[in-house]
Amino acid sequence: MKEYRIIGKRVPRLDAKELVTGKAKYSGDIVLPMMLHGKILRSPYPHARILHIDTSKAERMPGVKAVVTRRDVPQRKRLHWYIRPGKEIEDADKVRCIGDEVAGVAAVDETLAEEALGLIGVEYEELPAVFDPEEAMKPGAPQIYDDVKNNIVIDEIIERGDVEKGFRDADVIVEESFTTQPVVHSHLETIPTVASWDASGKLTIWIGSMWPAGERADLADTLDIPLSKVRVINCFVGGAFGNRARLSCQTVFAAVLARQAGHPVKIVNTREEEYMTGPYRMGVKFQWKLGARRDGTITAEHVKAIADAGVRTQAVCRGIMIGMTLRSNALYRYNNVRWELKAAWTNKTRTTMFRGFGTAQPTFARESMMDILAKKLGMDTAGLKLKNAIRTGDVTVHGWQINSGGLSDCIKKTAESAGWKEKRTKKIPGRGIGIASIAHETEWRSGEGFLGCTAFVRILPDGRVNVMTGEAEYGQGGDTACGMVVAEELGIPLDWVEVTRIDTDISPYGVGPWGSRLLYFETAATRLAALDAKRQLFEIASRMLPAKVEDLEIGDEKVKIIGSSGRAVSIAEVAQAATYARGGAFITGKGTVDSDAESFTKATKYYGRSALATYFDTAVAEVQVDTETGEIKVLNLTVASDCGKAINLLSLEGQIQGATAMGIGSKFFEERITQEGRMLNSTLTSYQVPTALDIPSIKMLLVESMEPSNPYGAKGAGESTGIDSTAPAIANAIYDAIGVRIKSLPITPEKILKALEEKRR
Amino acid sequence: MKDFEYFEPVTLNEARSLLIRYRGRAKVIAGGTDLLVGMKQGIVNPAYLVNIKKIPGLNHIDYDEKEGFRIGVLTTLHMVETSLEVNNKIGVLAEAAHKVGARRLRNVGTIGGNLCQDTKCLHYAKTYLWGWAPCYKGGGDACYAVKGAKSCPAMAITETAPALICLGARARLIGPKGERTVAIEDFFVSAGVTVLAEDEILTAIEIPQPPPHTAGVYLKYSKRGAIDFAIAGAAVVLTLQSGDGVCSNARIGLIGVARTPIRARRAEGMMRGKKIESDLIDQVAKSASKEARPLGDTYASASYRRTMVEALVKRATKKALAVVTREATG
């Protein structure tokens, strides 16, 4: 393995000081002269027709500067590939879930704006609503969209091989049902937007987004103004986890209110608003059937999945359902699989992407099933997993090529480190150990066109370096990774490098962070940009020294002749000379990489090399269960990550710890509980996310399988490592401890006690 | 939050006259950790706030071997949990104070405020912002948390109450007609309501010196490791006769399982005059769980809360017994 100077080391994030000192500026910190505060009036009903809106009283209230309604928000093209095309604010006169935006007010302060909302009179006609996807799919159910029969978002079957024959060949067949719950992102920062128009009709938005280029395009489209008339400045992002990837309705309202008021407008959600109306990860019900031969070889898998999409979400829901199929089947060597995928709209607020994009749901079911199958076969679960694990050189049942398959090593390493064999055989009452794994793609292609990354590396006259890519830093550490690559390739100290946050007026276009793709592409693109800049630097230096370009190297902050200790010129001198020689233009290196993955489509039945690389993890959890109270204590957690190559070990550890903590939250505490479309636990007191006290210490193990398609061997990691394998690892550990299997999330003490009681009967 | 007028009296008399002047529209504030939340949620909307924190002489823990403890109303929960005297003589109260919320809350939250704490509905939403009819908690007659609830299902979560009830503590109140004391056990009237009249101020908690061979334990169950309100909490205080180890007095206080803190009297009675053994403890715990009057919500069902009472009372009794037996015998 190549030895690097910076890459692979434990490096504090470039923005760490800003973050920990509280100096980092989030969009909520932005204050502009004459800025107003906006508030949104939302639908109290899950399904209703708006008969009349009277804003006159609110408009007359002193301090109120603008009042707009749904009808003032442009109805033209509307938003999003990921919701019903053109349907974010679908109809001016219909609301389809509690929280749908009805009107907006901008006033001189937030309290006034909130008060003014109370003065808006809205007359509704309530419509019948439906809250359960299976109910929604039945004939005669309330129709949420006039043009969609039975509220169906997706009803497809993905099938490979011969599933019937596979089950006939099986010596053992197991079948169970599982339910995963809706979970909210719960990022620390509730989403703030600031919108401001200049005299030329140009809109500037301060926001914390996962995809600023997308926000810009969507805003231009929605407001029907040229792309060049929208500038998105991406501030620090207080957590995203999939929820801040596309334009929100709140941003559109801020823009429209600001235009009407003639002053900048800031809208910040309260936590209650965020929870009550905000998107979340959809819950899925599974019926899972697995067949295997006596030796453990899996012969067939048949999965039926039914998801509750909430309102509106379309492409994302389809993507998640198809993605969970392709991804789940990238973990083991399957030959015969059938996945029946169904999802329906209901009158609940919309679902969206959530860290993992459909990894959590099937992982809980599949990895529980592997434990069940192992028990039935009389095999060790880790052994069963190893027997079927996908390996380097394999092609998955759906056509993904595995060029770096570290899954087996992940299983072996975690099992060994956690004392699996010994703990699995020597039983302590109430104590158990469980294992589970995930596979996740790095970049996948679901459409045509550019799907890579572009980076610019500029060497400034003082020799310091500025890096720009089109992709946002939203907590995952991508900017630091880019800085490390540039410092590595240019042979300069890391603190000479600065990475500019996204400003769509100056940053290159970015295609967004889908499918754990950023690190993989950003490192490749910034490397090319750094090499390009270095070439230009050497050209100038070769004239200054003079020497041949191919004889030059960088060392001790200088450009020097390889092997010679005498002749050298400092990087700053060369950069300054270059800048002057070019009439003020800085040395600018450009790097672009694109994806050659095959696009998965319905026409190809989703078969093909749609993912460029696949990363893996394995988690082993040890728990102690209190059978009197049902309490579960996680004693130890061991997580192995096959990330290809760790670019920044410290970032990787941080990501995995954060992800695992999130996994523990959705395992034990979190559930978006609704009643007739109304969220019941809409505060942080009742929607419980784990605190530091609830997270055990996590032991991280590294498996570097070196992905050949990335120059450094990197794949992805941060999105899915630790978060989704934790749940089934704990569930399996609970079974190991007390012999009851919990098949619905979250696993609460109450469920444990109930299951124990049923077992006793 | 509604606008309000704010006062900082420096004497009890001044405070009292403000309460009399604005009778019914004023609220006493000290740490504010409970009241301010209620005000932000729109549950309580006082027109006047009377901050008693500037009044001297209300922030103290006095101990006297004869008289026992006198704890000023403004004493923070952190002071209570860290007081050497409290830990040594009435450790059960230190344990309870320690389990209130997070450290930052305990730094400002007072023992008086804790006793006057409102019941907590975890499902409360600002109905007025959403265009819904107000719920019971918000002064209306609907419940969005529990379908068909006839009244607010929120439970009392006054964490220090069970310990104080078990210790036989009394609240000292001052009002227009002078001072009076009320047993903590009788302090709670109904959900979020105490015996305090609108023009009365709680000034101190008096706790008698526990008899020899007495030990108490407070246990709480909540989903997360810290900061959560109790799903159930139980304090058990036992006094044994010296020599034969027979239980001469037993008290059990519960929270999270009724609209006010309660005593499990039948369960207590089962231990009095008996030698406490494992079988008896099981029966006591079962009885306490029957005496609890929990209402369920999505946070914890009624039956789970009862189960937790059983487990907590069992464990607290065993623990207290172990301590007191060790003391009595050695």
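Below, chains carry the letters A, B, ... as their sequence lines are ordered, and counting in each starts from 1.
- Heavy-atom pairs under 4.5 Å with chain B peak, among A:Thr270, A:Val689, A:Leu41, at A:Val689.
- The environment of B:Lys27 atom NZ is sparse: at most 12 non-hydrogen atoms of other residues, nucleotides or ligands sit within 6.0 angstrom.
- Among B:Glu310, B:His123, B:Met308, the residue making the largest number of heavy-atom pairs under 4.5 Å with chain A is B:His123.
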field: Derivation of the side chain to side chain contact (heavy atoms under 4.5 Å, CB included) call for A:Phe668 and B:Lys223
entry: CA-CA 9 Å; A:Phe668 290 132; B:Lys223 282 192 186 170; over 6 Å; no
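- Ranked by heavy-atom pairs under 4.5 Å with chain A, the first of B:Asp297, B:Thr127, B:Asp228, B:Ile227 is B:Asp228.
- For CG of A:Leu188, the number of neighbouring non-hydrogen atoms (other residues, nucleotides, ligands) closer than 6.0 Å is 12 at most.
- Within residues 670-686 of chain A, the residues having any heavy atom less than 4.5 Å from a heavy atom of chain B are, in residue-number order, A:Ile673, A:Gln675, A:Glu676, A:Arg678, A:Leu680, A:Asn681, A:Ser682, A:Thr683, A:Leu684, A:Thr685, A:Ser686.
- Chain B forms the most heavy-atom pairs under 4.5 Å with one residue out of A:Asp694, A:Asp626, A:Thr111, and that residue is A:Asp694.
- For residues 44-55 of chain A, a heavy-atom distance under 4.5 Å to chain B picks out A:Pro44, given by residue number.
- Rounded to the nearest 0.5 angstrom, A:Leu117 CG and B:Trp130 CH2 are separated by 11.0 Å.
- Along residues 748-761 of chain A, the residues that come nearer than 4.5 angstrom to chain B, judged on non-hydrogen atoms, are A:Pro749, A:Glu750, A:Leu753 in order of number.
- Contact detail for A:Glu272 and B:Tyr124: the closest heavy-atom pair is OE1-O, 4.3 Å.
- Residues of residues 134-157 of chain B that come closer than 4.5 Å to chain A, counting heavy atoms only, are B:Tyr144, B:Ala145, B:Lys147, ordered by residue number.
- Distance check, rounded to the nearest 0.5 Å: CD of A:Glu628 to CG of B:Leu312 gives 9.5 Å.
- The two residues B:Arg224 and A:Pro690 make their nearest non-hydrogen contact at CD-CA, 4.3 Å.
- Side-chain contact check for A:Arg42 versus B:Leu129: every heavy-atom pair is 4.5 Å or farther apart.
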